[in-house]
Visitor: 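Just passing along the structure, written as structure tokens.
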Amino acid sequence: MALLELRDVHAFYGNIHALKGVSLTVDRDEIVTLIGSNGAGKSTTLKTISGLLRPRTGEIWFDGDRIDGLRPDEVVARKITQAPEGRRIFPRMSVTENLEMGAFQRRDKGLADDYERVFTLFPRLSERRGQAGGTLSGGEQQMLAIARALMARPALLLLDEPSMGLAPILVEQIFDIVKDINTQGTTVLLVEQNALMALGLASRGYILQTGEIVLADVSERLADNPDVKKAYLGG
Amino acid sequence: MNVAAWLARNSRLLIVLIAIAAVLALFGTSVPIWGGCTAALDRCADVVAIGVFQGMIVALVALGYTLVYGILQLINFANGSVFMLGSVAALLGVEIFGLTSDSPAASVILAFAVILPVTMAITAGLNAGIERVAYRPLRRAPTLATLISAIGMDFILQNVGQIIIGPSPVSLPSLLPNDVILAEPVVIKVSHLFVTGITLPLLLGLMWFVRTTRQGKAMRATAQDREAAGLMGIDVNRTISLTFLLAGALAGGAGVIVALYNGSAWWQYGFSYGLLAFTAAVFGGIGNLLGAAVGGIFLGILISLNAFYVDPRWQEVVVFGILVLVLIFRPTGLFAEKQSERA
């Protein structure tokens with residue numbers, strides 16, 4: 001059984017029909033990517049999973065439970081966290097406080113290990129523990145956003161365009177870390193415009209176009225697909 | 001910080017300060033406050049001290065405005081009336097306990113050990129109730145709609161106050177002894193200690209709560225990015241309710257103190273103190289807790305000087321004047337956070 005399943009999800013912003021029947025599955029321990037151009041509905045899909053937006057019709061299932069209609073904090077309680085588009089870190093809170101917020105629902109004793117873990121994954125953040133989030137560079141903020149989402153020890157990590165606005169070398173670093181996170185046992189749903197990198201990392205991918213899934217396949221075949229090449233891979 | 005750079009950035013503020021200094025130098029003692037304070041420094045110090053005590057009360061109410069603004073970007077106009085109902089509750093409490101000017105100190109203290117927390121609990125609940133009924137349904141509506149709803153709530157509460165205690169100011173028996181504890185360098189009475197003893201712990205307690213506790217941090221996170229706070233697993237609605245609870249408790253506490261300190265309760269106190277507190281919050285940079293506290297004390301000193309050396313009837317002019325000046329010259333307040341918020 002899939003860890004996450006969206007069944008014919010329709011979502012609206014006011015009168016704008018943003019998701020027109022999106023269905024997708026993510027299996028445990030996979031990295032799945034959702035590719036599409038601006039305005040295709042990628043972030044909307046993640047917002048709908050996280051409970052920031054309620055689907056008008058359709059169902060979202062996670063680990064055997066229906067989760068559509070839950071509040072964002074209730075979704076986090078089910079161990080789904082998101083590093084949202086634009087990082088959205090808390091600018092006037094320190095790096096450590098940002099991470100604390102990521103661990104907001106955790107009350108167990110293992111928290112110290114998780115700080116250790118994210119500081120090992122992102123040594124840069126360790127150097128800047130006491131610094132206000134808003135004073136970090138773009139790359140550091142992206143690292144913080146991912147680290148923060150990890151602090152809840154998620155079963156499923158939703159990543160919304162982690163490569164956005166970053167230098168290629170940083171993007172590679174971040175993607176390597178995502179791979180590490182995945183090998184350590186976290187399932188990842190990765191939304192990207194950078195299709196080449198995303199397909200290189202993910203085992204499967206979905207192509208989203210104006211609110212609809214137009215293609216779904218394993219990454220290698222998607223990368224070889226002439227239409228995909230033309231539209232998303234610049235060739 | 002680089003002094004020259006600071007001066008360059010704040011040149012307009014500097015011009016105003018120089019202008020004020022010039023006026024004082026030119027007209028010397030004919031400016032009432034200046035003249036009074038240069039003529040009799042010790043008396044001036046007393047007046048300032050009284051202002052500090054008043055200012056601490058204002059600071060409590062100001063914190064309520066600034067807390068709510070921080071989290072919802074809403075001026076909760078009803079805050080002043082919640083404060084007013086706090087002093088109404090104190091008045092009712094005094095009646096229930098049958099306190100008179102002759103009551104022994106022990107029974108007064110005992111009664112207020114009950115009245116203060118009960119009032120704070122009531123006004124906290126009231127304020128959170130206001131949010132639930134009048135603001136939450138409008139969460140996605142334009143800000144103006146919520147603002148109008150807030151003004152409407154204020155009117156309703158003012159009338160509730162009138163229904164309970166009538167349209168005229170009601171006097172309380174004088175319960176605080178008038179004994180002078182300290183005469184030099186400034187006069188300090190028992191009533192001042194009472195004000196400080198309640199206000200200071202509340203002010204410091206709130207700062208501590210917001211800065212260090214889990215819920216306090218959740219409040220800050222929600223204030224900085226509500227959606228992201230939700231993604232962290234913070235229950236945003238609960239956090240907003242908590243903010244209103246705290247603001248309401250502070251306003252109610254301030255109401256009790258004012259009722260005792262001034263010896264009266266009146267439905268219009270909500271407006272006059274509300275205006276003072278709101279100005280204090282803007283002065284300190286709305287959304288900034290420390291700014292609101294400092295702004296409250298500053299305004300307290302100013303209205304005290306005004307009342308003694310000029311005329312208490314000018315208070316509203318002075319307060320509104322400051323509000324206008326701050327909004328023109330430094331709309332982000334004196335303690336505006338300068339941190340960049342780049343993406």
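Labels below follow one simple rule: chain letters A, B, ... track the order of the sequence lines, proteins then strands, and each chain is numbered from 1.
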Visitor: Which region of B:R211, side chain (C-beta onward) or backbone (N, CA, C, O), has a non-hydrogen atom less than 4.5 Å from a non-hydrogen atom of chain A, or is it both or neither?
Guide: backbone
Visitor: Out of curiosity, A:M101 CE to B:D225 CG, how far, rounded to the nearest 0.5 Å?
Guide: 13.0 Å
Visitor: Given that the side chain runs from C-beta out, which part of A:Q105 has a heavy atom under 4.5 Å from chain B: side chain, backbone, both or neither?
Guide: both
Visitor: Work out which heavy atom in B:G230 is nearest to a heavy atom in A:P72; give both atom names and the distance.
Guide: O-CB, 3.5 Å
Visitor: Could you walk me through whether B:M232 and A:V76 pass the side-chain contact (heavy atoms from CB on, under 4.5 Å) test, one step at a time?
Guide: CA-CA 7 Å; B:M232 297 303 105; A:V76 173; over 6 Å; no
Visitor: Are any non-hydrogen side-chain atoms of B:R220 and A:M93 less than 4.5 angstrom apart?
Guide: yes
Visitor: Shortest non-hydrogen contact from B:Q224 to A:R92?
Guide: OE1-N, 2.9 Å
Visitor: With the side chain counted from C-beta on, respond yes when B:L231 and A:L52 share a heavy-atom pair under 4.5 Å apart, and no when they do not.
Guide: yes
Visitor: Heavy-atom distance under 4.5 Å between the side chains of B:R214 and A:F104, does that happen here?
Guide: yes
Visitor: Can you tell me if CZ on B:R139 sees more than 12 non-hydrogen neighbours from other groups inside 6.0 Å?
Guide: yes
Visitor: Let's test your reading of the structure: which of A:Q82, A:Q142, A:M151 forms the most heavy-atom pairs below 4.5 Å with chain B?
Guide: A:Q82
Visitor: Do A:R71 and B:D235 have side-chain heavy atoms sitting under 4.5 Å apart?
Guide: yes
Visitor: How far apart are the C-alpha atoms of A:K47 and B:E227, what are their side-chain angles, what is the distance that settles it, and do they pass the side-chain contact (heavy atoms from CB on, under 4.5 Å) test?
Guide: CA-CA 10 Å; A:K47 277 188 180 177; B:E227 221 176 58; 4.0 Å; yes
